Amino acid sequence: MKSFDNNRIRPPATTRPPESGSLRSAPRPPMAWAAAGPPSPHGIHPRPAPPVRPGGEQPGRQRVLLADAEPTRRESMARTLRAAGFVVHTAADGAEALRAVTAYHPTAAILDVELPVLDGAAVVIALRQTGNRIPICTVGPAESAEHAVEMLEAGADDHVLRPVTMPELAVRLKALVRRVENGARSGSLLRVGELEINVPGRRVAYAGVEITLTRTEFDLLVLLARAVGVVVTRERLLEQVWGYDLKTGSSVLDVFICYLRRKLEADGRPRMLHTVRGVGYVLRPF
């Protein structure tokens, strides 16, 4: 019969409670991956999610206000803009759109011209009268082309006729935002004869008399002034100022050139902005 050595059999060790003040009572430091979550079975540590603002949006994304009274169309446009990387706030009427601008401070806005309560033109005028320079693209029906002139005169930066493809709308909106960012980075003083253009301050004066321009009029003038004496083609103006080269934008260019020329020539000032038919426009000091 096999004998056992009793000395080899020992009772299990008892666990002593940690003494107060001992090293064993100190809490264990958190694992290095605790903030990012546990490691995967393959040993890959997940990357922490980017910070989120209180409103639920991630930093660096552009905020857009979309105002349209038609729910299906509004939601379709919102989905496209979100897919393009924008954070979208929606409004169903003009009064709600004005409140949204104050609440969310969007980077740009898309307004339907036929909004209830306050129509698109009324919203644009209200924003411009309070000094709000947010880039605005208005959208209207193709059968009412006169809306384009009305919106641009009110202070809109671009106007689109329906039907418009959602990718085109996203491209035009990105172009508007890019113009604002590029304008904020520009810094110089341009002079063309008696005309003085303060680019960073976005101010224009002729012989010391200030000329008030809209954002788009100013951007057009700066582009022409940087190429003084050189004809700038219509295609380049559309591409540099609006960010696209589309035939649908040609009438918008004509309207803004007309507005800019009218302001430059007010009070009997000599013509500086000239048309080169079939080619484009040129700014000359005399």
Side-chain angles (χ1 to χ4, degrees), residues 133 135-138 140 142 145-161 164 168 171-172 174-183 185-286:
R133 309 310 303 167
I136 298 174
C137 177
T138 55
E146 67 274 6
H147 277 145
V149 176
E150 180 186 4
M151 293 297 108
L152 297 176
E153 285 184 339
D157 298 282
D158 197 4
H159 183 78
V160 183
L161 297 178
V164 57
E168 177 189 338
V171 167
R172 295 173 87 138
K174 286 182 177 180
L176 282 180
V177 173
R178 190 163 58 247
R179 280 170 51 194
V180 176
E181 294 174 343
N182 291 341
R185 289 193 294 264
S186 309
S188 61
L189 189 66
L190 304 175
R191 288 188 177 89
V192 182
E194 294 290 322
L195 186 69
E196 184 175 283
I197 307 169
N198 182 337
V199 178
R202 300 189 71 83
R203 303 183 70 175
V204 178
Y206 186 94
V209 179
E210 188 163 354
I211 303 173
T212 302
L213 301 179
T214 67
R215 181 195 305 277
T216 302
E217 292 165 354
F218 184 87
D219 291 342
L220 268 175
L221 181 60
V222 169
L223 181 57
L224 291 164
R226 291 193 190 279
V228 62
V230 178
V231 178
V232 183
T233 65
R234 297 173 61 88
E235 291 76 16
R236 185 183 172 199
L237 289 170
L238 285 170
E239 174 63 30
Q240 295 293 317
V241 177
W242 281 272
Y244 55 84
D245 182 9
L246 301 172
K247 292 181 180 179
T248 54
S250 60
S251 61
V252 174
L253 174 59
D254 294 333
V255 170
F256 274 107
I257 287 291
C258 179
Y259 293 160
L260 179 58
R261 181 177 284 147
R262 185 188 307 165
K263 291 182 179 181
L264 292 177
E265 297 177 6
D267 301 324
R269 291 188 285 264
R271 171 157 295 193
M272 302 181 67
L273 179 52
H274 303 268
T275 302
V276 180
R277 295 192 179 278
V279 181
Y281 302 91
V282 58
L283 192 68
R284 298 191 182 106
F286 52 85

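Since we're looking at a predicted model, the values are computed, not measured.
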Flag side-chain contact, heavy atom, 4.5 Å: [X] against [Y]:
X      : Y      : result
Ile211 : Glu217 : no
Leu152 : Tyr259 : yes
Phe218 : Arg203 : no
Leu221 : Leu190 : no
Met272 : Val228 : no
Val230 : Val282 : no
Arg202 : Asp219 : yes

Compare every heavy atom of [Y] with every heavy atom of [X], then report the nearest pair and how far apart it is.
X      : Y      : result
Thr138 : Ala156 : CG2-CB, 3.9 Å
His159 : Gly140 : CE1-N, 3.7 Å
Pro285 : Gly193 : CB-N, 3.8 Å

Let me know which of Leu264, Asp267, Leu195 forms a side-chain contact (heavy atoms from CB on, under 4.5 Å) with Tyr206. Leu195
Calculate, to the nearest 0.5 Å, the distance between atoms [atom1] and [atom2] belonging to [X] and [Y] respectively.
X      : Y      : atom1 : atom2 : value
Ile136 : Leu176 : CD1   : CG    : 9.5 Å
Arg236 : Leu223 : CZ    : CG    : 5.0 Å
Phe256 : Asp158 : CZ    : CG    : 8.0 Å
Thr214 : Lys263 : OG1   : NZ    : 5.5 Å
Leu260 : Glu265 : CG    : CD    : 9.5 Å
Asp157 : Met151 : CG    : CE    : 13.0 Å

Is Asp254 paired with Arg234 through a side-chain N to carboxylate O contact shorter than 4.0 Å?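 Salt bridge between Arg234 and Asp254, a charged N being under 4.0 Å from a carboxylate O: yes.
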Examine distances only and state if a side-chain atom of Arg261 and a backbone atom of Leu273 form a donor-acceptor pair shorter than 3.5 Å. yes
